[in-house]
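Side chains included, hydrogens not; waters and symmetry mates left out as well; all remaining heavy atoms used. Chain naming here is simple, since letters A, B, ... match the order of the sequence lines and numbering starts at 1 in each.
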There are 2 protein chains.
Amino acid sequence: MSEPYTNTVFQAIADPTRRRILDLLKKHEHPVNSLHEHFDMTQPALSQHLRVLREVGVVSRRRQGRQQIYCLNAVMLKEVYDWVGHYEQFWRGKLNALGEYLDATQDEAS
Amino acid sequence: MSEPYTNTVFQAIADPTRRRILDLLKKHEHPVNSLHEHFDMTQPALSQHLRVLREVGVVSRRRQGRQQIYCLNAVMLKEVYDWVGHYEQFWRGKLNALGEYLDATQDEAS
DNA sequence: TTGACATATAAGTGAATACTTATATAATAG
DNA sequence: CTATTATATAAGTATTCACTTATATGTCAA
């Protein structure tokens, strides 16, 4: 009945647009207009996604002239990596057994 | 402007309740009522979370008498692990203070 | 100072989400 | 069969979300 989990980073990366932003920032830092070229949405919509990422702490920004340069702060993703890493043993071994993944019925149905 | 990302698994694990369900199933399989003891919500609410996890494919179930036994299908989490794993170098470099310029060597590739 | 540029915030909207209670289905016990 | 147990679905609701347009802020250039 306890609540030992937080929401933040996992929710931030739940959105595909925000994952794409992170992937772009992984290559190198970007000002907003440079990021904006990659997305089919308005600039305010993008800025709102950037705000989510900022509030979670997975990106940071600095001003450079009129631009805001966003860059990755990947340390916050370690929480995700650590959590999902605890499941690694479960998919290792199963993969080479039957290819991509077994059907939902694991009772020798195939 | 492309859309090479899907939503499914990342969104499924965005909710803390669903991550807790997976953590319970990681220990061993569970019928619904056994899972329900761990959560402060109604049984239908829990069943709806289980449905989300099922539809994404990260859990499966089989009937055993009146019970539905849920068990983990962790292969679907590999997508998350792989995605976030591409960021590992960034926090490793920063955590042990080897300096940013180690990260700077991934400007090319991918 | 004025105007253009770069980005952020405000306000509004429709859809999705996470819950609730009520009911349906499914298996077993009597 | 009927009643009980176990789980799922239906329907309703309040909140959150991802977007939009309009406007505000902040920087630079003329």
Original post:
Is a donor on one side and an acceptor on the other found under 3.5 Å between the side chain of B:Arg18 and the backbone of B:Ala12?
Top reply: yes
**OP:** May I have the distance from A:Gln68 (atom CD) to D:dT25 (atom P), rounded to whole angstrom?
**Re:** 15 Å
Subject >> A:Gln43 side-chain N/O to D:dT21 phosphate OP1/OP2 under 4.0 Å >> reply: no
Original post:
Between the main-chain N or O of B:Ala14 and the side-chain N or O of B:Arg19, is there a donor-acceptor pair closer than 3.5 Å?
Top reply: yes
Subject >> Point-to-point distance, once rounded to the nearest 0.5 Å, from CD1 of A:Ile21 to CG of A:Asp15 >> reply: 8.0 Å
**OP:** Considering just the side-chain nitrogens and oxygens of B:Thr42, establish if one lies under 4.0 Å of OP1 or OP2 belonging to C:dT20.
**Re:** yes
Subject >> Rounded interatomic separation in angstrom, taking CZ from B:Arg51 and P from D:dA8 >> reply: 10 Å
**OP:** Figure out the CZ/C1' separation between B:Arg66 and C:dT28, and round it to whole Å.
**Re:** 4 Å
Original post:
Starting at the 5' end of DNA chain D and moving along, which residue's nearest nucleotide shows up first, A:Gln64 or B:Arg54?
Top reply: B:Arg54
**OP:** Would you indicate, yes or no, if C:dC19 has its OP1 or OP2 atom less than 4.0 angstrom from a side-chain nitrogen or oxygen of B:His49?
**Re:** yes
Subject >> B:His36 NE2 - D:dT7 P separation (whole Å) >> reply: 10 Å
Original post:
Does OP1 or OP2 of C:dT17 have a side-chain N or O of B:Gln11 closer than 4.0 Å?
Top reply: yes
Subject >> Atom pair distance, as rounded to whole Å: CD in A:Gln48 and C1' in D:dT21 >> reply: 11 Å
**OP:** Over 60° means perpendicular and under 30° means parallel, so classify the ring planes of A:Tyr81 and B:Tyr81, tilted if in between.
**Re:** parallel
**OP:** Can you tell me the distance, in whole Å, between the CD1 atom of A:Ile69 and the P atom of C:dA8?
**Re:** 11 Å
Subject >> Candidates C:dT20, D:dG26, D:dT7 - which lies nearest the side chain of A:Arg63 >> reply: D:dG26
Original post:
Hey, does A:Pro44 reach any base, or is it just sugar-phosphate, or nothing, if we go heavy atoms under 4.0 Å?
Top reply: base
Subject >> Any A:Arg61 side-chain N or O less than 4.0 Å from OP1/OP2 of C:dA8 >> reply: yes
Original post:
Can a donor-acceptor pair be found between the side chains of B:Arg62 and B:Tyr70 at a distance below 3.5 Å?
Top reply: no
**OP:** May I ask you to evaluate whether B:Asn33 reaches the phosphate of D:dT7, defined as a side-chain N or O under 4.0 Å from OP1 or OP2?
**Re:** yes
**OP:** For D:dA6, take OP1 and OP2 only and decide whether either is under 4.0 Å from a side-chain N or O of B:Tyr70.
**Re:** no
Original post:
Can you tell me how far P of C:dT28 sits from CD of B:Gln67, to the nearest Å?
Top reply: 11 Å
Subject >> Whole-Å gap separating P (D:dC19) and CG (A:Asp40) >> reply: 10 Å
Original post:
Taking the side chain of B:Ser47 as heavy atoms from C-beta outward, which of C:dA26, C:dT7, D:dT9 is closest to it?
Top reply: D:dT9
